Number of protein chains: 2
Amino acid sequence: MILSSIEDVAKLVGVSTTTVSRALNNKSYVSKKTKQKIEEAVKELNYVPNKVAKSLSSKRTNIVGVIIPSIIDPIYSEEINTIEKVLKEKGVRILLCLCPRNSHQYELELKNMLNSYIDGIISAVYDFPVTMAEENVPFVQLGGGKVDYSRKVNVITDDYEVGQAAIKLIEKGKHKKVIVQHGPLSLSEEQDRLDAIVYALNGSEVNYELQLVDQDDPYGIEGTQNLFKDFKDFDVVLSRNDQNGYQVVLEAQRRGIMVPSELKVIGYGGSQFLANMNSPMTTISINPSKIGNKVAELTISMLAEDSKKKNQQISVPISIIN
Amino acid sequence: MILSSIEDVAKLVGVSTTTVSRALNNKSYVSKKTKQKIEEAVKELNYVPNKVAKSLSSKRTNIVGVIIPSIIDPIYSEEINTIEKVLKEKGVRILLCLCPRNSHQYELELKNMLNSYIDGIISAVYDFPVTMAEENVPFVQLGGGKVDYSRKVNVITDDYEVGQAAIKLIEKGKHKKVIVQHGPLSLSEEQDRLDAIVYALNGSEVNYELQLVDQDDPYGIEGTQNLFKDFKDFDVVLSRNDQNGYQVVLEAQRRGIMVPSELKVIGYGGSQFLANMNSPMTTISINPSKIGNKVAELTISMLAEDSKKKNQQISVPISIIN
DNA sequence: TTGTATGCGTTATCAA
DNA sequence: TTGATAACGCATACAA
């Protein structure tokens, strides 16, 4: 494809590229006459400024990298959906990068993004110490359950709140045994949330057991099989996410177990997608759209200020979906 | 953030930038000695080549723009998931752009992407005549039901197949009335698929009615309400997508209608996400992961060949999920 | 095997 | 109000 450059426009009008640049960017004074001529030439040549060149000069791309572990998970879909829309309004676009939580791929991805096309990073993958690379870019941590002061900006869901919500949903003395599902505890996010939940459960004398569920089980199928295979006599499941909760409900129904009367299933997530599935579980919603909104706002302000000093830790309140 | 440039490396080693460039890109011969020195300097300075500069010079970004109407829809999530992974292996990254099907936003988005950061476009939004802009970029049409020869590369689901599959699922003479859901017919994709289905239904003397469902009803809630409000005595629903199908099943169950014995619900889509929801509907799966794979492959080959001449229209077969 | 000069398209600085 | 020149960081043609 042959594209016209600013020089083509300049030649056509008979001015310098400087003048064209000024006219198009409304910098300093350009006479109305030449400005008009330039605009005509732009149309005639179908000229569009080359953003790569612009970026090389300005050191700005108006692109942010977004790193998430999965786009299949409706929580992330919903967050990304909001983030993209809000950022777009501000002329910021997103470079999407899928990266497992615990892999060394992350460092590569990060390094790849740095010194490249991005003005900042939004990442839901943060289970690593802050690297030097990361340190020098506007970085927004998307999600997590504990404020991480080593990172400049976090938008989290307070694990303590989650624990307290869980204990409120589990009426004391009424249940025999709670199964608490969790992902691999090598991931700080998993460990933190589990800690908060266990803390809450211990505080209210509830009998519970832990179930480790695999990371690579996006639909909660395997976790559910194992739940019913490995555990007995439970009447509450605090599932790792709504997908797992949904499957637990399905399996319970297959086995003729009434939900929630005989088995209470508590989900975690609260994406609109699963909320509309009408599963008889109760869900602790992290309000993904709100999180997305906050993340986008903070990203915008970080980019605008061009000062990486301002630390902000924001916790988006949870809510309960029945 | 202060980044080191190729010149910093060159100075440190005491060679020219040309030599450094050659050493790092393995072009022509560089003595082992200097090469080693350069590598050390790179490490010391934590040098990473600036991709923007690289792109300005090479006219290549290794980024493709991906335009889809929604990331909430699991069909697109699943496609994007595959596309991102396959492209990543080849060093290609994706700029994600959400854009409604029928809005004029599309032209803006397209223009915005052109002359900017992308080597090509993958788009599930194609309900417009081919614009001049689009014409000059490697363009892959993601989805659709009819080969569109005006576009260079399509990966589609053959509407005819869909119609034939539908008619096979609707046993002749056994059903009273089929409701065929469809989106706004101003969208060619909707019109084409409906045509194919109607053609199939007419050919087998099945009684049917059409229901227009809103585009902005991502979970199929409203469409389902209207279905039961506006139509009577139907015993098959050919839903617009799995989300609608799922909701129809839910509402039927609420009303005490047995699915599928009293009401047969046929979904369309076949994302793993919904397939795992265990809804008693039958789904015509377009096999989104396969589509994503094909799209990614074709994209890679288009970019590699750097020749936009080769037209390819590929139809990914459907399958039935029970 | 290495270096010089030039170009990629734009913006900013300094002059006129 | 306009223009010449340098700079952004890298790659390549041409020389040496």
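Both backbone and side-chain heavy atoms feed into the values below; hydrogens, waters and symmetry mates do not. Because the structure is a prediction, the values reported are computed rather than measured. Residue numbers begin at 1 in each chain, while the letters A, B, ... track the order of the sequences.
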Donor/acceptor link under 3.5 angstrom from Thr17(A) side chain onto base of dT11(C)
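By the distance-only test, no, there is no pair.
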Picking from [options], which would you name as closest to the side chain of [X]?
X	options	value
Lys27(A)	dA12(C), dG9(C), dT1(D)	dA12(C)
Ser16(A)	dT4(C), dG3(D), dG9(C)	dG3(D)
Thr18(B)	dT10(C), dT4(C), dT2(C)	dT4(C)
Thr19(B)	dC8(C), dG9(D), dT2(C)	dT2(C)
Lys59(B)	dG9(C), dG9(D), dT2(C)	dG9(C)
Arg22(B)	dC14(D), dG3(D), dG7(C)	dC14(D)

If you pin Asn50(B) and Thr34(A) to their nearest nucleotides in DNA chain D, which one's is more 5'?
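Going by which nucleotide is closer to the 5' end, it is Thr34(A).
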DNA chain D: 5'-proximal contact among Val48(B) and Val30(A) (nearest heavy atom)
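Final value for this comparison: Val30(A).
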Value in whole Å for how far the [atom2] atom of [N] lies from [atom1] of [X]:
X	N	atom1	atom2	result
Asn26(B)	dT12(D)	CG	C1'	16 Å
Leu56(B)	dT11(C)	CG	P	12 Å
Lys11(A)	dT2(D)	NZ	C1'	19 Å
Leu24(A)	dT2(D)	CG	P	13 Å
Lys51(A)	dT11(C)	NZ	P	12 Å
Leu3(A)	dC8(C)	CG	C1'	13 Å
Lys32(A)	dT1(D)	NZ	P	11 Å
Glu7(B)	dG9(D)	CD	C1'	9 Å

Would you mind classifying the nucleic acid contact of Val52(A) as base, sugar-phosphate or nothing, using non-hydrogen atoms under 4.0 angstrom?
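The residue Val52(A) makes no contact with any strand.
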So, is [X] near the phosphate of [N], with a side-chain N or O under 4.0 Å from OP1 or OP2?
X	N	result
Lys54(B)	dA11(D)	yes
Ser58(A)	dT11(C)	no
Tyr29(A)	dG3(D)	no

Are side-chain N/O atoms of [X] and [Y] paired as donor and acceptor at under 3.5 Å?
X	Y	value
Lys51(A)	Asn112(B)	yes
Glu78(B)	Ser289(B)	yes
Lys35(B)	Asn26(B)	yes

Side-chain donor or acceptor of Ser123(A) paired with backbone N/O of Gln141(A) under 3.5 Å
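A pair under 3.5 Å: no.
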Going by an N to O cut-off under 4.0 Å, is there a salt bridge joining Arg93(A) and Glu84(A)?
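Salt bridge absent between Arg93(A) and Glu84(A).
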Is it true that Lys85(A) and Glu89(A) make a salt bridge, defined as a side-chain N closer than 4.0 Å to a carboxylate O?
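Between Glu89(A) and Lys85(A) there is no salt bridge, as every charged N stays at least 4.0 Å from the carboxylate O atoms.
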